[in-house]
Asker: 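The structure that follows is given in the form of structure tokens.
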Amino acid sequence: MSRLFDDASSQNLEIASALVTATPLTLASWFYSDDPAANQGQIAITDLSSLTDSFELKADGSVAGNPVLARTIQGGGGDQAATTTGYSVNTWHHACAVFTAANNRTAYIDGGSSANDTGSRTPSGSNTTYIGRRRGASDNFMSGRIAEAAIWNVALTAAEVLSLARG
């Protein structure tokens, strides 16, 4: 079952705790975007009090090629891995962000097109989990559907990510 999110009305799900607070961790979901130009948060684990630290999985239609991003933000600065291919609107895609260590994050779309980033960031103070948005009061809400959102306290392997994407 999927949940419809409407970015125009800022719809999202919020859990008043961080389900995972440090690496390793994995964020994954199936998503169906209906907006080709939106920067859409899918899952975020963040520090709600400062809004400067978070782990994020997002689909970025505001960037050429519409990549999926695995993003780590610390002190307001961020590092991210962007998939080598992007998503299409009105189509279901599997997105995954694997955070192996402070200096190792990988983004996947549909079990492949992965890209890795090694910038070093260690978010702290995580106290909130979002589905359907990024961090902050007005940051990048999902426009479309999310299904099977999942968070693990381990770094899934490429083979495990591919298995999830294949259903």
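Heavy-atom basis, side chains included; hydrogens, waters and symmetry copies ignored. Predicted model only: the values in this text are computed from it and were never measured.
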Asker: Is there a side-chain contact between F141 and R134 (heavy atoms, below 4.5 Å)?
Answerer: no
Asker: Taking all atoms of both residues into account, what is the closest heavy-atom pair of D53 and S124, and its distance?
Answerer: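 Shortest heavy-atom separation between D53 and S124 comes out as OD2-N, 2.9 Å.
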Asker: Quick one: closest heavy-atom pair of I43 and I151, and the distance?
Answerer: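 Result for this residue pair: CG2-CD1, 4.0 Å.
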Asker: For residues L164 and W152, report the shortest heavy-atom separation together with the two atoms involved.
Answerer: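 Of all heavy-atom pairs spanning L164 and W152, the closest is CD1-CH2, 3.6 Å.
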Asker: With no hydrogens and no angle check, is any side-chain donor or acceptor of E148 less than 3.5 Å from a backbone partner on S29?
Answerer: no
Asker: Please lay out, stage by stage, how Q11 and D6 fare under the test side chain to side chain contact (heavy atoms under 4.5 Å, CB included).
Answerer: CA-CA 6 Å; Q11 295 174 342; D6 179 5; 3.5 Å; yes
Asker: Can you get from V20 to F55 by hopping between Ile, Leu, Val, Met, Phe, Trp and Tyr side chains that sit under 4.5 Å apart?
Answerer: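 Yes: a chain of side-chain contacts under 4.5 Å links V20 to F55.
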Asker: Taking the side chain from H94 and the backbone from G111, do they hold a donor-acceptor pair closer than 3.5 Å?
Answerer: no
Asker: In this structure, which one of W92, W30, F31 forms a ring pair (Phe, Tyr, Trp, His ring centres under 6.0 Å) with Y87?
Answerer: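 The option that passes is F31.
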Asker: Looking at every heavy atom in both P123 and I73, which two are closest together, and how far apart are they?
Answerer: CG-O, 3.4 Å
Asker: Does R105 reach the main-chain N or O of G119 with its side chain, forming a donor-acceptor pair under 3.5 Å?
Answerer: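 Judged by distance alone, yes, a pair lies under 3.5 Å.
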Asker: Rounded to the nearest 0.5 Å, what separates atom CG in D34 from atom OG in S143?
Answerer: 3.5 Å
Asker: Starting from L27, can I reach Y130 by hopping between I/L/V/M/F/W/Y residues whose side chains sit under 4.5 Å apart?
Answerer: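 Y130 and L27: separate clusters.
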Asker: OG1 of T72 to CG of D79: how many Å apart, nearest 0.5 Å?
Answerer: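 Between atom OG1 of T72 and atom CG of D79 there are 7.0 Å.
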Asker: Give a yes or no on whether I15 and I45 share a hydrophobic cluster (residues Ile, Leu, Val, Met, Phe, Trp, Tyr; joining criterion: side-chain heavy atoms under 4.5 Å apart).
Answerer: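 Yes, because I15 and I45 connect within a single hydrophobic cluster, where side-chain heavy atoms sit under 4.5 Å apart.
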Asker: Establish whether L57 and L13 are linked, either directly or via other cluster members, by ILVMFWY side-chain heavy-atom contacts under 4.5 Å.
Answerer: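 Yes, because L57 and L13 connect within a single hydrophobic cluster, where side-chain heavy atoms sit under 4.5 Å apart.
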Asker: To check you understand the geometry: which heavy-atom pair defines the closest contact between A107 and A70, and what is its length?
Answerer: CB-N, 3.7 Å
Asker: Are any of the side-chain heavy atoms of T26 and C96 separated by less than 4.5 Å?
Answerer: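 With C-beta onward as the side chain, the pair touches.
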Asker: Do S49 and D47 meet the criterion of a side-chain donor-acceptor pair at a distance under 3.5 Å?
Answerer: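 Present: a donor and an acceptor within the cut-off.
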Asker: For a quick test of reading the model, state the closest non-hydrogen atom pair linking P67 to T83 and the distance between them.
Answerer: CA-OG1, 3.5 Å
Asker: Quick check: do S54 and Q74 have side-chain heavy atoms less than 4.5 Å from each other?
Answerer: no
Asker: When you compare the side chains of K58 and N140, does any donor N or O come within less than 3.5 Å of an acceptor on the partner?
Answerer: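 No pair is found: no donor N or O on one side chain lies under 3.5 Å from an acceptor on the other.
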Asker: Whether the side chain of N104 engages the backbone of A102 through a donor-acceptor N/O pair (distance < 3.5 Å, no angle test) should be reported.
Answerer: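 No; zero donor-acceptor contacts below 3.5 Å.
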Asker: Side-chain heavy atoms under 4.5 angstrom apart, residues restricted to Ile, Leu, Val, Met, Phe, Trp, Tyr: same cluster for L69 and V161?
Answerer: no
